[in-house]
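Everything below concerns the one structure shown next.
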Amino acid sequence: LRVKVTANEGMYVQGLRTLALCECAAMPKDTRVRKAAEGAIDFIVKAQNPTDGGWRYNPGEPGDTSVVGWQVMALKSGYNAKLKFPSQAFKGAEVYLKLAQAEGGSQYKYVPEPKDPQSPTMTAVGLLCRMYLGWDHKNKKLADGVEYLDKIKPQPNNMYFNYYATQVMHHWGGEEWTRWNDVMREQLVRTQHPLKDGHLSGSWDIADPHGGAGGRLYMTCLSVMTLEV
């Protein structure tokens with residue numbers, strides 16, 4: 001699904017497209033979609049780094065947390081759609097997350113190197129992956145991570161962070177989710193262009209570190225996916 005790769009987008013594209021196929025395969029009983037989803041999942045499994053359990057720009061490279069997040073979401077969607085693949089893929093992801101964690105597992109780095117600092121965005125990605133891989137309310141590391149995100153709150157200029165953090169807070173629930181959702185929901189509704197704005201109608205302006213590359217479509221898709229949560 002990566003088609004012609006021109007920069008570092010290859011495994012991002014693979015993860016996103018696989019996620020979409022798996023979500024589709026879980027709904028209608030269409031064997032054509034299911035076969036495509038199985039092939040896409042198989043590619044992700046084979047592209048996993050055999051040593052650190054992560055994924056990066058090209059198959060087999062040592063991982064980074066940003067790319068890992070999309071592959072774990074795709075694999076989880078495939079699992080929910082009852083597609084068959086080795087459980088070792090999830091175990092490998094756990095190996096990577098342990099390498100990339102900071103503050104005992106409540107926060108995460110972009111890459112698992114000693115000098116690389118933890119960040120709110122990578123923490124949101126890492127915590128969501130941990131939830132998908134089995135962490136729950138009984139895990140103090142997860143509770144500490146949720147508290148960390150709760151203090152940061154939704155950001156007006158980083159939808160990549162907001163998308164992942166919104167999922168973490170939703171899965172956690174409780175007062176933390178209510179506080180988060182009250183702010184995130186209103187922020188998204190308030191900043192969407194009204195229907196009278198011509199070609200801008202229904203879209204969101206670029207307000208994100210990655211917006212220069214992804215543009216208005218990137219911002220609008222992330223905003224819609226966050227609203228869906």
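- Between P156 and A207, the shortest heavy-atom distance links the atoms O-CB, 3.7 Å.
- Counting only distance, with no hydrogens or angles, the side chain of T123 and the backbone of Y108 share a donor-acceptor pair below 3.5 Å.
- The closest side-chain heavy-atom distance from D208 to Y218 is below 4.5 Å.
- Looking only at side-chain heavy atoms (C-beta outward), S203 and Q192 stay at 4.5 Å or farther from each other.
- Interatomic distance, T18 OG1 to I44 CD1, rounded to the nearest 0.5 Å: 3.5 Å.
- Between K151 and E147 there is a salt bridge, since a side-chain N of the basic residue sits under 4.0 Å from a carboxylate O of the acidic one.
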Do L83 and C22 pass the side-chain contact (heavy atoms from CB on, under 4.5 Å) test, and can you show the C-alpha distance, the side-chain angles, and the key distance before you say yes or no? CA-CA 8 Å; L83 303 183; C22 289; 3.8 Å; yes
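- A salt bridge does not link D116 with K109: none of the charged nitrogens is closer than 4.0 Å to a carboxylate oxygen.
- Using a 4.5 Å cut-off on side-chain heavy atoms (C-beta onward), L149 and F161 make contact.
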Please assess S66 against Y160 for the test side-chain contact (heavy atoms from CB on, under 4.5 Å), listing each intermediate value before the final yes or no. CA-CA 10 Å; S66 182; Y160 197 71; 2.8 Å; yes
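- Following chains of ILVMFWY side-chain contacts shorter than 4.5 Å, one cannot reach Y57 starting from V5, and the two form parts of different hydrophobic clusters.
- The two residues S77 and L19 make their nearest non-hydrogen contact at CB-CD1, 3.6 Å.
- A distance below 6.0 Å separates the ring centres of Y164 and W70.
- Side chain of Q48 to backbone of A89: a donor-acceptor contact under 3.5 angstrom is found.
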Worked verdict on N181 versus H170 for side-chain contact (heavy atoms from CB on, under 4.5 Å): CA-CA 8 Å; N181 190 44; H170 174 260; over 6 Å; no
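- Nearest heavy-atom pair across G78 and I41 is CA-CD1, 4.2 Å.
- Summarising the geometry of G54 relative to V68, their closest heavy-atom pair is CA-CG2, 3.8 Å, with the distance given to 0.1 Å.
- The ring of F90 has its center closer than 6.0 angstrom to the ring center of F85.
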Derivation and outcome, side-chain contact (heavy atoms from CB on, under 4.5 Å), residues L21 and L1: CA-CA 11 Å; L21 279 173; L1 300 180; 3.9 Å; yes
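- Note: W172 and H137 meet the aromatic proximity criterion, with ring centroids under 6.0 Å apart.
- Nearest heavy atom pair, residue A124 against residue A165, reads CB-N, 3.7 Å.
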Begin with the C-alpha distance, continue with both residues' side-chain angles, and end with the deciding distance and a verdict on side chain to side chain donor-acceptor pair (under 3.5 Å) for T220 and W204. CA-CA 5 Å; T220 300; W204 279 263; over 6 Å; no
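- More than 12 heavy atoms of other residues, nucleotides or ligands shown are found within 6.0 angstrom of NZ on K153.
- Cluster membership check: V224 shares its hydrophobic cluster with V229, using side-chain heavy-atom separations under 4.5 Å among Ile, Leu, Val, Met, Phe, Trp and Tyr.
- A distance of 6.5 Å separates CG of N162 from CD of Q155, quoted to the nearest 0.5 Å.
- Taking OH from Y12 and CD from Q71, the interatomic distance works out to 9.5 Å, rounded to the nearest 0.5 Å.
- Here CE of M122 is found 11.5 Å from CG of L127. Values are rounded to the nearest 0.5 Å.
- Two residues are said to be in side-chain contact when any heavy atoms from C-beta on lie closer than 4.5 Å; M73 and L128 meet this criterion.
- Between Y148 and S119, the shortest heavy-atom contact is OH-C, 4.0 Å.
- Using a 4.0 Å cut-off between charged side-chain N and carboxylate O, R179 and D182 make no salt bridge.
- When R130, Q107, Q118 are each tested for a side-chain hydrogen bond (donor to acceptor under 3.5 Å, both in side chains) with Q101, only one passes: R130.
- Connection of V125 to V13 is not established within any shared hydrophobic cluster, with ILVMFWY side chains joined at heavy-atom distances below 4.5 Å, either directly or through further cluster members.
- Y79 OH: 12 or fewer foreign heavy atoms inside a 6.0 Å radius.
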Should S223 and Y163 be marked as a side chain to side chain donor-acceptor pair (under 3.5 Å) after you check the CA-CA gap, both sets of side-chain angles, and the distance that decides it? CA-CA 8 Å; S223 297; Y163 171 63; over 6 Å; no
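- Residues R190 and R185 have side chains not in contact (no heavy-atom distance under 4.5 Å, counting atoms from C-beta outward).
- For H193 and D205, the side-chain atoms include at least one donor-acceptor pair closer than 3.5 Å.
- Under the 4.5 Å side-chain criterion, counting only non-hydrogen atoms from C-beta, R2 is in contact with M11.
- We find the CG-OG1 distance between L97 and T65 to be 7.0 Å, quoted to the nearest 0.5 Å.
- Contact check for E175 versus D150: no side-chain heavy atoms found under the 4.5 Å cut-off.
- With no hydrogens or angles considered, no side-chain donor-acceptor pair links Y110 and T121 at under 3.5 Å.
- At least one side-chain heavy atom of V168 sits less than 4.5 Å from a side-chain heavy atom of M131.
- The distance from atom CD of E94 to atom CH2 of W135, rounded to the nearest 0.5 Å, is 9.5 Å.
- Under a hydrophobic clustering in which Ile, Leu, Val, Met, Phe, Trp and Tyr are joined whenever their side-chain heavy atoms come within less than 4.5 Å, directly or via other members, V146 and I152 fall into the same cluster.
- In this structure a side-chain-to-backbone donor-acceptor pair under 3.5 Å is present from N49 to G60.
- Under the 4.5 Å side-chain contact rule for hydrophobic residues, L133 and W55 share a cluster.
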